[in-house]
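Order of the sequence lines sets the chain letters (A, B, ...), proteins ahead of strands, with each chain counted from 1.
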Amino acid sequence: MTHPSTQPPTDAGGPRPVLEAHGISKRFPGVLALDAVALRLFPGEVHALMGENGAGKSTLIKVLTGVHPADGGTVLVDGSPHVFTDPLQAQRAGISTVYQEVNLCPNLSVAENILIGREPRRFGLVRWSEVRRRAAELLTGLELDLDVAGPLDAHSLAVRQLVAIVRAVDVSAKVLVLDEPTSSLDREEVAQLFGLVRRLRDRGVAILFVTHFLDQVFDLCDRVTVLRGGRLEGEYPIAELTPVTLVQRMIGGELATLDQLSGRTHRREAGRAADEPFLRARRLTRAGSIEPYDLDIHAGEVVGLAGLLGSGRTEAARLLFGADSADAGEVRIEGRRVLLRSPRHAIARGVAFCSENRKSEGLVGELTVRENIILALQAARGWTRPLTRAKQDELALHWIEALDIRPPDPEAQVRHLSGGNQQKVLLARWLLTEPRLLILDEPTRGIDIGAKAEIQKLVARLAGEGTAVLFVSAELEEVLRLSHRIAVLRDHRMVATLANDDSLTPERLLTTIATGTDS
Amino acid sequence: MTPQPATSGAAGGPWRRTARHRLLWPALVLFALLLGNLAFHPDFLSVRVRDGHLYGSPVDILRFGAPLVLVALGMTLVIATRGIDLSVGSTVAIAGALACGHLSTAARPGSVATTLTAVALALGVALVLGLANGLLVSGLRVQPIVATLILMVAGRGVAQLITDGQIITVTSAPYKMIGGGYWLLLPFAVLLAAALFALTAFVTRRSALGMLIESVGGNPTASRLVGIRAGGLLVLVYVFSALCAAVAGLMISSNVSSADGNNAGLWIELDAILAVVVGGTALTGGRFSLGGTVLGALIIQTLSTTVYTLGVPPETTLVFKAFVVVIVCLVQSPVFRARVMRRRAAAPRSPATAGTTPQEQEVRA
Amino acid sequence: ACSTQGPAAGPAPASGVKAGSGGRITMGFAQVGAESGWRTANTKSVQEAARKAGVELKFSDAQQKQENQIKAIRTFIQQKVDVIAFSPVVESGWDTVLKEAKDAGIPVILTDRAVDTKDTSLYKSFLGSDFVKEGKAAGEWLTGAYAGRPGPVDIVELQGTTGSAPANDRKAGFGEAIRGDGRFRIVASQSGEFTRAKGKEVMQAFLKSQKHIDVLYAHNDDMALGAIQAIEESGKKPGTDIKVISVDGIKDAFVAMTEGKINVVVECNPLLGDQLMDLAKKVVAGESVPARVETEEGVFPQDKAAAALPSRKY
Amino acid sequence: MSTGTVNAAARTARPLATVSPRARTRVPLVVTAVLLVVLFGAGSVRYEGFLSAQVVLNLLIDNGFLLVVAVGATFVILTGGIDLSIGSVAALSTITTAWLVESHGWPLAVVVPLVLLVGAGGGALMGWIIHTFEIQPFIVTLAGMFLARGLCYTISTESITIDDPVTAGVAQTRLYGPGGLFVSVPVLIALAVLVTAFVVLHHTRFGRNVYALGGSESSARLMGLPTGTTKIAVYGVSGLCSALGGVLLTFYTLSGYALHAMGMELDAIAAAVIGGALLTGGSGFVLGTALGVLVLGMIQTLVNFQGTLSSWWTRIVIGALLLVFIVLQRLVGGRRAAGR
Ligand SMILES: Nc1ncnc2c1ncn2[C@@H]1O[C@H](COP(=O)(O)OP(=O)(O)OP(=O)(O)O)[C@@H](O)[C@H]1O
Ligand SMILES: Nc1ncnc2c1ncn2[C@@H]1O[C@H](COP(=O)(O)OP(=O)(O)OP(=O)(O)O)[C@@H](O)[C@H]1O
Ligand SMILES: [Mg+2]
Ligand SMILES: [Mg+2]
């Protein structure tokens with residue numbers, strides 16, 4: 001591949017880049033995360049930053065915006081060199097950023113999270129009514145209607161992601177950086193967001209956009225910078241690429257791998273051995289989060305949960321795991337009535353739950369990859385029956401390889417892993433407990449295309465081997481591809497359960513989601 | 001198949017490396033303190049055999065440091081769960097008071113059986129106190145600092161109640177052994193502390209206890225969702241902390257053959273927390289280092305001894321300690337070290353860095 | 001020296017009848033805390049004397065904090081007690097609250113320590129000991145014991161809690177007594193915080209850092225008793241190789257003295273309950289009382305120890 | 001890409017009515033206040049002379065300085081930090097004030113601002129060290145505690161009485177209200193501090209940054225908030241409040257003494273925590289802290305009124321009352337919703 005300095009972009013004679021970086025290097029203990037990477041952003045363009053999990057995308061963004069000091073290289077804003085040592089400085093220089101892990105303050109209200117640092121004031125005092133009004137107004141821009149005075153931590157991850165975006169957009173900067181903003185949004189929100197991004201682009205804002213969804217890149221972006229293993233692979237106008245060539249650039253792989261990717265995983269026939277479902281929920285409910293619902297999940301079956309943002313998928317799933325306790329209703333597992341008062345009870349009955357919010361509900365950042373992987377298994381065994389170190393290493397290495405976790409070092413602290421790799425660690429933790437029912441809430445969030453295909457295959461295989469799976473995802477394609485049946489939620493109510501046979505077209509599913517009735 | 005970011009997988013594994021690294025700085029600080037003493041008193045480190053046991057300042061540091069090591073050990077586990085135990089000082093006092101109270105009223109205080117009963121009594125009550133703390137924290141979800149504050153206040157009263165506000169003096173050779181006796185040349189207290197340290201390290205690191213505690217302290221929500229029984233662990237660490245404090249209390253009272261309900265263990269919680277923090281365990285919970293804690297406790301004890309041997313006047317003792325503590329934490333701070341290194345590296349090169357931007361120089365300055 | 005009997009107070013109970021303008025006297029007593037055995041003995045003596053004298057006692061423990069003591073006195077004023085007595089945590093800073101008491105017409109008696117105020121009308125009487133005098137007595141005994149012997153005499157000092165009144169005064173008094181004589185030098189002086197454990201720890205360090213020690217002067221018996229253990233463990237004989245001077249006069253110290261481990265104890269008498277009740281009654285009855293009543297305190301060298309031991313009450 | 005079929009209205013109506021989450025955060029505060037009234041009621045029933053407005057005012061008079069330092073501690077606790085130097089800095093202020101006024105004859109009007117400046121500066125310095133070198137606040141402020149207490153001793157180990165008429169005048173002025181009730185000047189200062197702190201925390205950018213910092217420091221930084229300056233300022237505020245608390249203590253006792261305010265940091269922290277602040281940061285109210293101070297003061301008053309407790313029973317009863325209070329607070333206020 002060619003180095004950017006030797007290959008000027010097509011529009012080199014055009015306007016001056018608003019943000020330019022050369023030779024950016026960043027070394028973490030033991031890892032050279034960025035190796036002389038360059039990037040240029042022009043006003044009025046949407047620029048995609050692509051690469052596999054751990055390629056260095058987030059690190060590049062953090063170095064550019066002063067979160068991490070660079071080990072080498074220069075950053076030019078409007079042609080003049082800048083060294084940021086704090087995100088605040090970057091923001092003041094006109095670079096507004098949404099970082100990958102949603103970074104907001106859960107203890108503050110939604111309105112504050114959007115406007116803190118820029119609150120409208122009078123005589124030095126914050127004008128709260130104005131804060132709430134502005135925040136509500138900004139949210140309506142994304143067609144979101146929330147109680148802006150309520151605390152942020154009452155809201156799901158997707159809502160938080162949108163709040164973070166709204167906050168960044170409101171800074172009205174020259175450069176807007178979005179690191180995987182769409183990872184837990186559904187189509188509707190993505191469309192809203194893209195509308196917003198296009199409007200900003202037309203106003204001359206330069207937008208740097210990180211995603212693992214190829215269609216989104218081709219939909220929205222003008223140019224692409226591809227990173228591979230911490231090095232710059234190249235910078236291309238999107239018109240010169242096809243999805244296949246782009247993937248090729250990202251993974252640098254051969255066509256064989258690509259074939260694998262395009263070969264879609266198809267759900268197998270559910271091997272419904274018995275009529276008795278593995279789990280049967282009846283009139284299960286929790287005040288304030290989900291209305292009574294019925295759900296059966298058979299062994300060997302994948303049940304998808306579909307619905308819009310905030311429709312209550314996560315909340316429905318949490319009840320089945322005892323993460324929240326139900327107010328009423330009953331759950332039977334293999335015909336026996338069970339009280340799921342805490343996750344322990346659920347785990348003891350073979351249920352596993354992989355949370356959508358890996359940062360606050362999933363991983364223990366300080367522990368190593370190995371420890372995070374074996375944590376659930378060890379917890380189930382109790383502290384007096386430790387897994388031997390050899391066994392731990394074996395399990396960790398097995399799953400590191402199976403899910404291609406990078407760096408493949410079981411002793412790395414998990415918080416130092418890239419977002420996608422963290423997600424894989426979380427998955428590995430639950431997969432190795434060999435659960436009877438696996439609840440996956442947004443399991444492919446932030447995972448690159450290659451790994452996503454792997455994970456989908458894995459889910460299909462597990463189901464084939466008799467595991468019951470509850471699959472929650474904002475990506476309808478994924479749900480459609482994997483599920484045998486799809487339960488649709490709307491406004492915290494389960495409105496329909498559809499068999500995923502040939503009669504279920506994406507359009508039909510969408511209509512059900514939107515209207516609540518299966519026409 | 002794809003180029004990987006270069007990972008330097010050094011032999012011995014990064015685990016080993018970081019462990020070694022984490023203890024390096026506290027160890028260096030301790031070493032420096034000892035060297036400082038040596039400069040003023042050339043025979044500071046000399047250890048002789050006298051009356052069939054070792055005699056010398058290092059032995060004193062270990063012996064007087066032993067109770068602090070114990071209290072800090074328990075505190076380490078509590079802190080690893082994001083907690084804090086302020087009641088250890090009172091537990092120290094109660095344990096000593098109970099044991100001496102029992103011995104002083106017993107018919108044969110010199111007998112081993114009586115001593116063992118006294119010890120058992122103290123440990124038993126400490127167990128109950130630890131349970132109380134643990135239940136308040138895990139059952140009622142009271143914040144640890146208030147939960148243990150209650151016992152800190154009331155516990156000292158209980159100790160005074162037991163001793164009737166007086167100092168109970170006892171004469172019991174077996175009891176004297178715990179904190180003042182010698183075995184195999186070494187102070188028994190040191191051996192006891194070392195044994196308990198080894199046991200704790202063994203249990204936490206060989207079983208899954210250590211990891212689960214770190215998990216609960218590192219991310220309580222996530223820990224709940226993986227099914228860790230946090231409640232039980234919390235009770236366990238508070239009980240352990242109370243037991244450690246009780247043993248320390250026995251040592252302290254045995255060393256002076258008397259129980260002082262009013263003053264025994266006063267402010268020891270502060271020293272213990274300091275030891276834990278100096279040893280590299282964060283008060284925010286998560287990863288803990290028992291070895292670091294031991295080093296931290298020894299640093300604190302060495303500091304006190306240094307004050308006595310250097311003859312720092314009591315009015316300036318605290319100022320002296322403040323400076324040492326500041327230096328200790330600066331030396332331990334990676335950011336500080338990085339800055340010092342960078343400045344040193346940058347200084348000779350400063351003409352060459354003319355190419356860097358003004359902002360960058362500002363940052364370095 | 002004086003009588004070996006601690007509370008050599010007058011026949012207190014007899015005067016009980018004429019007290020008060022009718023009925024029982026209520027006394028508010030604000031104690032420093034319970035920081036030492038000495039203090040507990042002090043508290044007990046007051047409580048027992050009150051019972052004997054038929055005085056209703058409101059007792060408050062300030063846990064060594066002046067603020068708490070002031071609060072307690074305010075509460076006493078609120079409760080309209082007949083007389084307030086207290087042992088000040090510290091000499092200074094009582095004017096405001098004592099004025100409030102005076103305005104409310106409640107007489108105040110100080111015990112144990114004096115307060116530092118220009119307006120002596122704020123309290124009726126002071127009953128207690130003089131720490132400076134105790135220090136001086138200790139120093140004088142030392143100069144006496146070394147009379148005619150060649151110097152130098154190397155002294156190590158175990159101070160009380162830094163900044164506390166007894167520590168300040170006992171140090172000052174002792175220093176004053178030995179100042180004139182060039183033979184005496186204090187080679188090391190550290191705080192042992194009035195406790196046995198610290199006393200032992202500090203002495204242990206002294207024994208290693210000081211080449212030669214002739215005398216140990218401890219600001220209280222507990223530190224001295226701790227230090228004695230350290231001296232014994234170092235292979236020396238307390239009382240012989242190193243002379244030990246101590247203040248307070250608790251029973252354990254007398255026991256140690258009979259064993260020859262302490263050379264002299266300067267008494268600081270906590271048993272002033274009877275004297276206090278006596279004064280209180282007089283004050284309430286409106287009789288005139290002396291502005292300063294010093295408790296009887298003695299200096300006990302080794303030879304008097306055995307005789308005095310059986311009568312030690314605390 | 002866009003489905004077009006989904007109308008936004010489908011997502012807007014929230015069918016599930018719940019208690020306003022904002023109101024939920026206030027519950028502990030209300031519970032604490034109610035319990036405080038119950039405590040006062042119990043005292044009134046039990047002790048003669050307890051049920052009087054002056055008892056309540058005395059609570060303020062006797063705890064004004066604690067209120068001020070606890071307010072400072074609240075700022076620090078809200079950021080998830082801790083300040084152990086509070087008591088020592090207060091002691092340092094008492095002794096410096098007394099020393100300068102008495103031994104050097106400086107006018108009070110000069111000394112007080114100076115003392116406050118030193119307190120704020122010292123606090124800010126600690127904050128700077130904590131922030132710049134990423135050292136745990138516990139150690140840095142512990143060193144601050146040693147240093148301030150040590151400086152006290154180097155100034156004077158003896159206590160210093162203040163006879164200066166101006167100081168005495170301020171200290172002994174009683175502000176009478178209806179019915180012969182009175183408060184002291186320090187009470188007004190303490191209340192002013194409380195109100196100011198409330199306004200600052202809830203209505204200024206700085207105050208909101210404090211909460212943000214406590215909610216998540218890394219997030220606050222990534223959101224482009226001035227975490228460094230906020231942190232430094234918070235410790236500065238704490239230092240300022242400690243110094244001011246020390247000045248009020250000087251008025252209260254009309255003296256300076258190196259051993260004043262021993263362990264006051266613990267009282268201050270306890271007050272904040274009893275008032276509902278989380279030591280992990282991000283949650284709590286200054287008004288809660290004020291309630292916490294009153295709870296501690298009330299317990300002390302109850303014990304004083306009892307008047308028959310021996311020293312050890314005093315401690316045990318204080319502990320027990322605290323226990324009862326905390327347990328009731330937890331049971332009545334309900335457990336914190338299992339965090340999501
Ligand atoms: N603080 C850190 N300490 C050590 N290593 C780090 C740290 N942050 C990132 N890394 C490493 O740097 C590399 C690049 O990570 P980065 O987060 O930039 O990847 P990414 O391209 O954003 O991946 P993803 O798509 O999964 O988000 C990874 O190998 C990661 O482990
Ligand atoms: N449009 C909205 N208006 C108000 N609150 C919302 C809205 N969307 C989401 N929420 C909040 O977020 C929570 C979302 O619930 P839940 O996590 O179960 O949703 P979900 O279906 O998993 O959707 P997702 O995870 O995609 O957000 C709700 O309880 C609600 O408090
Ligand atoms: Mg990333
Ligand atoms: Mg969800």
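- Using a cutoff of 4.0 Å between basic side-chain nitrogens and carboxylate oxygens, C:K44 and B:D164 are scored as salt-bridged.
- Cation-pi geometry between C:K208 and B:Y55 is met: under 6.0 angstrom from the ring centre, within 45 degrees of the axis.
- The structure places CD of B:Q160 at 7.0 Å from OG1 of C:T40, a figure rounded to the nearest 0.5 Å.
- Counting heavy-atom pairs closer than 4.5 Å to chain C, the top-ranked of the candidates B:V312, B:T309, B:D51, B:D60 is B:D60.
- Residue C:D61: no heavy atom, backbone or side chain, is found under 4.5 Å from chain B.
- In this structure, chain B has heavy atoms under 4.5 Å from both the backbone and the side chain of C:S234.
- Atom CD of residue C:E35 and atom CG of residue B:D260 lie 10.5 Å apart, to the nearest 0.5 angstrom.
- Atom CD1 of residue B:I167 and atom CG of residue C:D222 lie 3.5 Å apart, to the nearest 0.5 angstrom.
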Q. C:Q204 and B:S57: side-chain contact (heavy atoms from CB on, under 4.5 Å), yes or no, with the steps?
A. CA-CA 8 Å; C:Q204 196 96 269; B:S57 294; over 6 Å; no
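- Comparing B:S304, B:G56, B:P313, B:S257 by how many heavy-atom pairs each has under 4.5 Å with chain C, the most go to B:G56.
- Heavy atoms closer than 4.5 Å to chain B are found in both the backbone and the side chain of C:A34.
- Proximity to chain B involves both the backbone and the side chain of C:S191, based on heavy atoms less than 4.5 angstrom apart.
- Residue contact with chain B, scored on non-hydrogen atoms closer than 4.5 Å, involves the backbone and the side chain of C:E233 alike.
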Q) Can C:R196 and B:S253 be said to form a side chain to side chain donor-acceptor pair (under 3.5 Å), step by step? A) CA-CA 9 Å; C:R196 280 189 203 186; B:S253 83; over 6 Å; no
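- Two residues are said to be in side-chain contact when any heavy atoms from C-beta on lie closer than 4.5 Å; B:N263 and C:E193 fail this criterion.
- Using a 4.5 Å cut-off between heavy atoms, B:N255 touches chain C through backbone and side chain atoms alike.
- The heavy-atom pair separating B:P314 from C:Q159 by the smallest distance is CG-NE2, 3.6 Å.
- Remark: B:R50 CZ is packed, more than 12 non-hydrogen atoms of other residues, nucleotides or ligands lying under 6.0 Å away.
- Using a 4.0 Å cut-off between charged nitrogen and carboxylate oxygen, C:E201 and B:R63 do not count as a salt-bridge pair.
- For chain B, the option among C:T162, C:L225, C:L207 with the highest count of heavy-atom pairs below 4.5 Å is C:T162.
- Both the backbone and the side chain of C:Q190 come within less than 4.5 Å of a heavy atom in chain B.
- Summarising the geometry of B:Y308 relative to C:F206, their closest heavy-atom pair is O-CE2, 4.2 Å, with the distance given to 0.1 Å.
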